[in-house]
Protein chains: 2
Amino acid sequence: MDKAQSRVRGRRRSGEGGAERPAQRDPERTRASILAAATKEFAENGIGGARVDAIAERAGTNKRMLYHYFGDKEQLYLAVLEEAYIGIRSAERSLHLSDLEPEQGVAELAMFTWKYFLDHPEFLSLLGTENLHRARWLRQSTRLKELHSNFIDKLAGLLDRGKAKGLFRTDIDPLNVYLTIAALGYFYLSNQHTLTTIFGRDLADKANIEAWKQHIVHVTLSSIRR
Amino acid sequence: MDKAQSRVRGRRRSGEGGAERPAQRDPERTRASILAAATKEFAENGIGGARVDAIAERAGTNKRMLYHYFGDKEQLYLAVLEEAYIGIRSAERSLHLSDLEPEQGVAELAMFTWKYFLDHPEFLSLLGTENLHRARWLRQSTRLKELHSNFIDKLAGLLDRGKAKGLFRTDIDPLNVYLTIAALGYFYLSNQHTLTTIFGRDLADKANIEAWKQHIVHVTLSSIRR
DNA sequence: CAAGCCAGTAACTAAACGGTTACTTTGTGG
DNA sequence: CCACAAAGTAACCGTTTAGTTACTGGCTTG
């Protein structure tokens, strides 16, 4: 009803305070800064708790730009998720399991995974959020389906060499080995807050973290040895 | 401005359609039904994504009752979390580890934990939500701090018997053993959607679920044996 | 060098949300 | 049998939220 009237109201008092922030005029930087801010916001609050205004503020920009570059909140979340997966998959590529002795290779993979989880808590949070929603966005993503690396194949090769040498049991499954490593790391870190509260041991303590790394290596190796 | 006016507007047209739902008049049932509905809603959507209106509707009641019995959304969430923990702790009490041979006892604990996780997906979701918020509500809860059972003590007793018999290594830590069992179960189930999507193996498949149970028992036992 | 396009801003809007109010219904004890 | 308290209802409210509009200004290019 009074739409036309309110429409008329002035929008911008040009030259009020001058440029508070030197207008960046740098699309790549703005986009990256929104993505980084969104990663934090989604990781801290989940998809339901994340606030679009908060993301814009954290990025030092405003909502318009966010919608400009990413469409809407859900597409922004998908971009965050894709970037997170790209991060771990490309880090994995720097692991050269084929150059190592079988036992050493499994130990390296376990320590690498542990360190990656430790250094990227936001990745763990995003995984948790995505699973809460039954992988709704991950399943949509065509980009990520292409990304599925030959990671398990490389691990299978390593394990086969161990089997041939008589070091490992012949019935072990590469995916199970990887799931074991990931499970031990993921659970310890992602559930550390409830566990610390309930069991009264500070899992974030440096010594405990180092001990758990050794524990993962020990558990993984002892479960696959003949 | 027109507040007074709108205030005057009639509220209830008594005797319009008659009783659509036979008014329960059963406080306990109403409370329980709200709690059950809230458990589902929080487990499916997290705390940020859960909707108070949705909880009321699922419970077959209305928001007023929810606020009547639980105060506000956060207190309702806390009640849900407390009930979930009470559930697993009391189920744990039915386990009589002290009657079993050490190896059999560890296997029973592993299988019990797996089955509990499998049967209570909402418990896993709530744990995830609570950890996302750094155990903010769990830490507040005085009820749950009293609840912390002698569970680890019972497990320690079992392991000590195994050590005395020369079956288990003497340096194993009861908490680590429990964390190992919980980690393997939790990760497989709570992350099944992303894992299934990424690795192309249906983790929800019955045979795979049974195989993972055996895997947990095997991994746990092989990591503690001398 | 002007025209047009793209980066950027802030005020705005409709809808959704958590929470409250005003009121009705029903079982129970004096 | 009626008064009162507790259970229950639905409309309502103020605020927050995702998303949009109207506009500015600078860089590039024909």
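Each chain gets a letter, A, B and so on, in the order the sequences are listed, and its residues count up from 1. Predicted, not measured: the structure shown is a model, and the values here were computed from it.
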Margin query: Both A:Gly71 and B:Met65 contact DNA chain D. Taking the nearest nucleotide for each, which residue is further toward the 5' end?
Written below: B:Met65

Next item on the list: State whether a side-chain donor-acceptor pair under 3.5 Å links B:Ser141 with B:Glu82.
Entry: yes

Next item on the list: Would you indicate what A:Ala50 reaches in the nucleic acid, counting non-hydrogen atoms under 4.0 angstrom: base, sugar-phosphate, or nothing?
Entry: sugar-phosphate

Check: Atom CD1 of B:Ile34 and atom C1' of D:dA7: how far apart are they, to the nearest Å?
Finding: 11 Å

Next item on the list: Could you tell me the separation between the OH atom of B:Tyr69 and the C1' atom of D:dG8, rounded to a whole number of Å?
Entry: 8 Å

Next item on the list: Report the distance from atom NZ of B:Lys73 to atom P of C:dA16, rounded to the nearest whole Å.
Entry: 16 Å

Next item on the list: Compare side-chain N and O positions of B:Arg51 against OP1 and OP2 of C:dA16 and report whether any pair is under 4.0 Å apart.
Entry: no

Next item on the list: For C:dG8, take OP1 and OP2 only and decide whether either is under 4.0 Å from a side-chain N or O of A:Thr30.
Entry: yes

Next item on the list: Take atom CG of A:Asp72 and atom C1' of D:dT17, then tell me their distance rounded to the nearest Å.
Entry: 14 Å

Item checked: Given D:dA7, D:dT21, C:dG18, the nucleotide with the shortest approach to the side chain of B:Tyr67 -> C:dG18

Item checked: Options C:dG18, D:dA22, D:dT9, nucleotide nearest the side-chain atoms of A:Arg64 -> D:dA22

Check: Does A:Glu74 pair with A:Arg136 as a salt bridge, N-O distance under 4.0 Å?
Finding: yes

Next item on the list: Specify the separation, in whole Å, of atom CZ of B:Phe70 and atom C1' of C:dG18.
Entry: 17 Å

Check: To the nearest Å, how far apart are B:Arg31 CZ and D:dA6 C1'?
Finding: 16 Å

Margin query: With nearest nucleotide decided by heavy atoms, which residue, A:Lys63 or A:His68, maps closer to the 5′ end of DNA chain C?
Written below: A:His68

Margin query: Looking at D:dT9, I'd like to know if its phosphate oxygens (OP1 or OP2) sit under 4.0 Å from a side-chain N or O belonging to B:Thr61.
Written below: yes

Check: So does A:Lys213 pair up with A:Glu210, basic N to acidic O under 4.0 Å?
Finding: yes

Notebook entry, point to check: Do A:Ser94 side-chain atoms and A:Ala91 backbone N/O form a donor-acceptor pair below 3.5 Å?
Noted result: yes

Checklist line | Which nucleotide in D:dT20, C:dT9, C:dA7 has an atom nearest any side-chain atom of A:Pro27 | finding: C:dA7

Next item on the list: Indicate whether OP1 or OP2 belonging to C:dT9 is found under 4.0 Å from a side-chain N or O atom of A:Asn62.
Entry: yes

Margin query: Between P on D:dT17 and OH on A:Tyr77, what's the gap in Å once rounded to a whole number?
Written below: 20 Å

Notebook entry, point to check: When the distance from CG of B:Leu66 to C1' of D:dA7 is rounded to whole Å, what number comes out?
Noted result: 14 Å

Notebook entry, point to check: With no hydrogens and no angle check, do the side chains of A:His215 and B:Ser223 hold a donor and an acceptor under 3.5 Å apart?
Noted result: no

